[in-house]
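Note that the structure is a prediction, hence the values are computed from the model and not measured.
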Amino acid sequence: MGLLSKKDTKLITDPLADNNPITIQVLGICSALAITAELKASIVMSISVLFVLGFGNVIISLMRNIIPSKIRIIVQLTVVAALVIIVDQVLKAFAYELSKTLSVFIGLIITNCIIMGRFEAFALANGPWKSFLDGIGNSLGYGVILIIVGFFRELLGSGTLLGFPVLGDPITKTGLYSIGYENNGFMLLSPMALIVVGIIIWVQRSRNKALVEDH
Amino acid sequence: MENKTDKNSYTIIFAIAMVIVVGALLAFTASSLKPKISENQRIEKQQNILYAMGVNDNDEGSAVFVSTKDAPELFDKYISKQLVIKNGTPEENDKAYLIDLKKDKAAAGGDPSKRNLPLFIGEKDGVTYYIIPIYGKGLWDAIWAYVSVDENMVIKGAYFDHKGETPGLGANIKQRYFMDDFIGEHLLDDNGNFKGVTVAKGNADPTNEDKTDNEVDAIAGATITGDGVTAMIKSDLKLYKPYFDNLKNN
């Protein structure tokens with residue numbers, strides 16, 4: 001690795017699997033349940049968090065030596081809120097269509113616990129470059145889970161992927177529907193997202209016993 | 001071993017400085033981008049109105065507006081008249097499409113006679129469309145729509161939109177399969193009284209062949225958004241009934 005040292009690479013790859021923010025740290029569950037009813041929303045949310053967490057981590061890291069420790073959470077909140085509002089305004093002015101797709105996610109980004117978690121746990125103690133990589137790694141790890149959950153929920157709940165019907169037409173009974181298959185409407189509701197996340201956690205821990213806590 | 005960032009005085013100064021810097025930054029961004037944003041919103045309204053009267057670039061399954069570049073020109077071409085109905089009296093006003101329904105509703109305080117009701121009359125291929133903007137609330141935030149009807153208050157087209165409904169559920173009111181269900185639905189019952197269109201769960205007509213049942217099929221998992229649509233249609237479109245009664249009598 002020319003550009004990234006071995007330690008830097010780990011910052012990106014660790015959150016993808018063995019230190020995944022959703023399945024291991026159990027952060028960001030709220031948005032993972034709320035917006036994964038379709039694949040497109042999952043992808044858009046992942047990209048939005050990638051931007052905010054990448055830059056937010058750098059900003060917090062640059063400020064880490066001057067932030068008063070007593071009000072550091074408020075400072076973090078202010079940084080992420082300001083960042084999100086600026087991005088929202090710029091999109092509204094120059095990419096109006098995209099901003100309409102994003103509108104609902106903007107508020108959810110601010111409340112995403114992964115962002116506050118990484119500011120607090122990593123950016124306050126590390127340099128900007130490392131913090132940037134950590135932000136990218138964690139948002140990718142978040143995105144991977146979101147996309148997996150979104151994939152299954154949209155496929156089994158609506159019979160489509162990214163809005164394209166892949167299983168046939170449920171109303172005119174073509175494709176899979178002609179042999180009696182039905183969409184599972186329950187997949188579209190949040191409880192099923194929790195169950196899908198639970199299954200991912202189960203699969204991950206059964207493949208890697210080191211992740212299972214002893215009691 | 002107290003370091004300087006733990007001092008109360010430092011904390012207070014830092015907080016004040018941060019508020020000033022961030023506040024100034026946000027104020028600057030918002031005010032410098034405002035003209036561009038309101039221009040985008042104005043064009044979007046024109047696109048919505050044109051969409052409801054069938055002037056759009058729809059392909060098979062998705063809802064596509066006319067391009068932002070062409071919208072102002074097409075708006076002038078197809079929308080022949082803009083009216084504001086106040087206490088039963090229609091008046092022409094070519095800025096009617098800029099009326100903010102939310103503010104107007106709030107100012108009227110539930111008294112329909114104080115409302116400024118916008119109505120757009122469009123002509124396409126010799127057919128007259130009456131386009132009505134409506135506004136209501138969904139699960140999380142505002143929902144609104146542009147509905148075009150004919151003289152008998154039969155729906156000819158509809159465009160729904162929302163501010164923050166749940167993606168994949170309530171947000172699907174702006175999908176073609178939901179909006180297109182409204183086309184052909186009657187707002188009046190068989191006796192000519194206003195009935196609206198109900199977004200109904202478990203309705204016996206999921207493929208929507210019966211257009212006189214005053215019902216369309218609901219979206220699974222989006223009950224509150226659907227109820228919001230029903231309520232918005234009932235309360236807002238009803239206000240236009242007298243206009244259409246007059247139209248028929250004259």
Side-chain angles (χ1 to χ4, degrees), chain A residues 34-42 44-45 63-72 74-75 78-79 81-83 85-97 99-101 103-108 150 153-154 157-158 160 163-165 170-172 183-190, chain B residues 3-15 17-19 21-26 28-41 43-44 47 61-62 64-65 68 140-141 161-172 174-177 206-208 217 219-222:
Chain A
I35 52 94
T36 49
E38 51 185 19
L39 188 55
K40 187 179 156 209
S42 304
V44 172
M45 182 68 174
M63 289 167 66
R64 70 185 185 283
N65 293 327
I66 59 163
I67 296 177
S69 55
K70 284 176 195 152
I71 55 164
R72 64 182 194 285
I74 298 171
V75 175
T78 313
V79 168
L83 209 59
I85 292 168
I86 290 173
V87 170
D88 181 46
Q89 293 282 314
V90 171
L91 285 176
K92 265 195 187 136
F94 298 106
Y96 194 67
E97 274 307 300
S99 85
K100 291 207 66 174
T101 330
S103 64
V104 63
F105 303 106
I106 300 295
L108 283 170
R153 284 182 74 191
E154 189 178 346
S158 313
T160 58
F164 294 108
I171 292 174
T172 54
N183 284 330
N184 183 353
F186 195 33
M187 284 303 289
L188 292 174
L189 306 179
S190 302
Chain B
N3 65 35
K4 76 170 168 76
T5 57
D6 284 338
K7 279 198 189 127
N8 280 342
S9 54
Y10 178 82
T11 306
I12 291 169
I13 292 167
F14 186 93
M18 180 180 75
V19 168
V21 170
V22 173
L25 193 67
L26 291 183
F28 173 75
T29 319
S31 57
S32 57
L33 295 175
K34 196 167 180 215
K36 190 111 177 97
I37 294 174
S38 27
E39 176 68 5
N40 284 339
Q41 286 165 340
I43 292 174
E44 190 197 7
Q47 289 174 314
S62 50
V64 188
F65 294 136
T68 43
W140 303 114
D141 213 320
D161 209 342
H162 63 94
K163 194 166 172 201
E165 297 306 294
T166 320
L169 302 170
N172 283 356
K174 61 186 291 190
Q175 296 287 329
R176 278 281 295 283
Y177 71 81
T207 46
N208 199 27
D217 199 25
I219 301 170

Can you tell me how far CG of A:Leu39 sits from CZ of A:Arg153, rounded to the nearest 0.5 angstrom? 12.0 Å

Under 4.5 Å from any heavy atom of chain B - which part of A:Val75: both

Can you list the residues that meet the salt bridge (Lys or Arg N to Asp or Glu O under 4.0 Å) rule with A:Asp88, with sequence neighbours excluded? A:Lys92

Measuring heavy-atom distances to chain B, does A:Leu189 have an atom under 4.5 Å in its side chain, in its backbone, in both, or in neither? side chain

Measure the CE-OG1 distance between A:Met187 and A:Thr36 for me, rounded to the nearest 0.5 Å. 9.0 Å

For B:Gln41, which atoms come within 4.5 Å of any heavy atom of chain A: side chain, backbone, both, or neither? both

Return the set of residues passing salt bridge (Lys or Arg N to Asp or Glu O under 4.0 Å) with A:Arg72 (not counting sequence neighbours), or none when no residue passes. A:Glu120

Measuring only between side-chain heavy atoms, which start at C-beta, is B:His162 closer than 4.5 Å to B:Asp141? no

Which bit of B:Asp161 comes within less than 4.5 Å of chain A, counting heavy atoms only: side chain, backbone, both or neither? side chain

A:Met63 versus chain B, heavy atoms under 4.5 Å apart: side chain, backbone, both or neither? side chain

Applying a strict 4.5 Å limit to non-hydrogen atoms, the region of B:Ile43 in contact with chain A is neither

Heavy atoms of other groups near B:Tyr177 OH, more than 12 under 6.0 Å: yes

For A:Ala82, is it the side chain, the backbone, both, or neither that has a heavy atom closer than 4.5 Å to a heavy atom of chain B? both

